[in-house]
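Just so it is clear, the model here is predicted, and its values are computed rather than measured. Reminder, nothing fancy here: chain letters follow the sequence lines and each chain counts from 1.
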Protein chains: 2
Amino acid sequence: MNLRTLILEDLAEMRLWLSEVMREACPDAEITTAPDIRTALAIAGHEVFDLALIDLGLPDGSGLEVLRALKQANPAALCVVATIMGDDASVVGALAAGADGYLLKNQPSALLVRQIRQTLDGVPPLSPAIARRIMTHFRQTGPVVADANLTPREREVLGHIGKGLRNHEVAATLGIGTNTVAAHIKSVYAKLGISSRAEAAWHATKLGL
Amino acid sequence: MNLRTLILEDLAEMRLWLSEVMREACPDAEITTAPDIRTALAIAGHEVFDLALIDLGLPDGSGLEVLRALKQANPAALCVVATIMGDDASVVGALAAGADGYLLKNQPSALLVRQIRQTLDGVPPLSPAIARRIMTHFRQTGPVVADANLTPREREVLGHIGKGLRNHEVAATLGIGTNTVAAHIKSVYAKLGISSRAEAAWHATKLGL
DNA sequence: AAGACAATTACCCGAACAGGGGATGGCATC
DNA sequence: GATGCCATCCCCTGTTCGGGTAATTGTCTT
């Protein structure tokens, strides 16, 4: 079986280079190229791909449109973003759109070849700089400390409040009385220094519940 | 220069195996091992390390304690978590604690050797399964689309609701009447298909307000 | 110009909520 | 066996919220 691959890249020179890299990573690959969103979407309309290298900054839009189209046509398609933009917005946007990898084109081709090869084995291709950035993001959003020493039951109640349940609904799911729920909420309010359930919901999501 | 490395692992057999892997990845390394938190902390008290392989589930606590101690003694130390636990809590906890990598020990040793080698070149060592999990996390938290075509005013009100303000507080900050605020909230509810302000708060944070 | 539509503002009422009090039983620690 | 913490329940009072209804303005279409 040969691998149907799509390379979306506006600059001709870069497009050739990526094709070279692709051919080296997988000689059996059947390579199709597109210089812009329009042609890429036209091709994707009547053809299915297994792997795609997608540039983001294209003259007629963002490569993410194509990525979504490819994923819709074939959810198993491996869509790898290959760009020179390493800013947070681009990375997060690409991952949110369903990208299976994020490679920076300012890397030695040998490294790109290796990462594309690994992709086929299920290893998510992430350029080192991108991996570091993602981990740093977790380091900032991760700290789930400051638990405000809530009791397990309080944490549980707060979790349901954060999901938008009413007191009587929480009571029903936990099998306790509504008054009890209200009592737990009161102590949560006291411990968190708040006085409304919207604030409670905010803290709940912040505490990862 | 030789690389001062610490291997923290409770099971003797696994400790030997990791030492083997380490020696193969970097023959010049000067390897120190510890079977539990206590001895690891004692060693870290009078010795500085450049690289550390840290297990999480230890008999006398979590390896993250040691990780933090090492990072405090030498912020440039490369602390890599090496464990068999791949659950979200462990991964996020480790990254939040400042881990520079996360490796699963149920991988072929050749892969581990390669990833440890790459670590020294600045490539964050992440096992494929872990990288996928992290990316999936982004895929869930990232989507800033699905704006539910809220009007600017509604978005503004929703933002304040999400911060936990009451209707009259929102009214005061926006310089409008409380009834107006209530009306905006109602149309927001209709558009988002919800019926309580806790759910509204949830959506507000999700929409990044 | 006339009509359609969305956004913004406003009012009323019943239901839900916040926060204060106090009470019971269980479980641990001391 | 005394103390403290937790979870569970109840009452009460004032405030807030949610839903129905409707007027005003501006924009866009017809």
### Query
Hey, is the side chain of B:Lys186 pairing donor to acceptor with the base of D:dG19 inside 3.5 Å?
yes
### Message
Here's a test of your reading of the structure: between A:Arg166 and A:Thr178, which maps to the more 5' nucleotide of DNA chain D?
### Response
A:Thr178
### Message
Applying side chain to side chain donor-acceptor pair (under 3.5 Å) to A:Thr33 and A:Glu9, what does each step give before you reach the verdict?
### Response
CA-CA 8 Å; A:Thr33 65; A:Glu9 166 66 54; over 6 Å; no
### Query
Does a side-chain heavy-atom distance below 4.5 Å link A:Thr119 with A:Asp100?
no
### Task
Mind checking B:Thr180 for me? I need base, sugar-phosphate or nothing, with any heavy atom below 4.0 Å counting as a touch.
base
### Query
Roughly, in whole Å, what's the span from CD1 in A:Ile194 to C1' in D:dT16?
16 Å
### Task
With axes from five pairs an end, tell me the bend angle of the helix from C:dA1-D:dT30 to C:dC30-D:dG1, nearest 10°.
50°
## Note on the structure
Side-chain contact check for B:His184: nearest option of C:dT9, D:dC6, C:dC11 is C:dT9
## Note on the structure
In whole angstroms, the gap separating P of D:dC9 from CD1 of A:Ile185 amounts to 14 Å
### Donor on one side chain, acceptor on other, A:Glu30 and A:Thr5, under 3.5 Å
no
#### Entry: Nearest-angstrom distance from the residue atom CD1 of B:Ile176 to P of C:dA10
8 Å
### Task
Among B:Lys105, B:Gln107, B:Arg132, find the residue that satisfies the side chain to side chain donor-acceptor pair (under 3.5 Å) test when tested with B:Ser127.
B:Gln107
### Query
Any side-chain N or O of B:Asn179 under 4.0 Å from OP1/OP2 of C:dT9?
no
### Message
Just by distance, no angles: are the side chains of B:Arg153 and B:Thr180 close enough, under 3.5 Å, to form a donor-acceptor pair?
### Response
no
### Task
For the residue pair A:Ser62 and A:Glu65, confirm or rule out a side-chain donor-acceptor distance under 3.5 Å.
no
### Query
Given side chains that start at C-beta, do those of A:Phe49 and A:Cys79 come closer than 4.5 Å, heavy atoms only?
no
### Message
Heavy atoms only, 4.0 Å cut-off, all strands: where does B:Ser187 land among base, sugar-phosphate and nothing?
### Response
nothing
### Task
Could you say whether B:Ser196 or B:Ala183 is positioned toward the 5' end of DNA chain D, judged by the nucleotide with the nearest heavy atom to each?
B:Ser196
### Atom-to-atom span, CG of B:Leu165 to P of D:dC17 - whole angstrom
10 Å
### Task
Could you check whether B:His168 gets within reach of a base, just the sugar-phosphate, or nothing at all, counting any heavy atom under 4.0 Å?
sugar-phosphate
#### Entry: Out of C:dC17, C:dG19, D:dC17, whichever nucleotide has its closest atom nearest the side chain of B:Arg197
D:dC17
### Any side-chain heavy-atom pair of A:Ile54 and A:Val80 under 4.5 Å
no
### Task
Send over the distance from A:Glu199 CD to D:dT16 P, rounded to a whole Å.
14 Å
### Query
Whole-Å distance between D:dA7 C1' and A:Glu156 CD?
12 Å
### Query
Would you say C:dG19 has OP1 or OP2 under 4.0 Å from some side-chain N or O of A:Tyr189?
no
### Message
By the 4.0 Å heavy-atom rule, please label B:Asn167 as base, sugar-phosphate, or nothing.
### Response
sugar-phosphate
### Message
What is the distance, to the nearest angstrom, from the CG atom on B:Leu158 to the C1' atom on C:dA7?
### Response
16 Å
### Task
Map B:Ala182 and B:Arg153 onto DNA chain C by nearest heavy atom, then report which one ends up closer to the 5' terminus.
B:Arg153
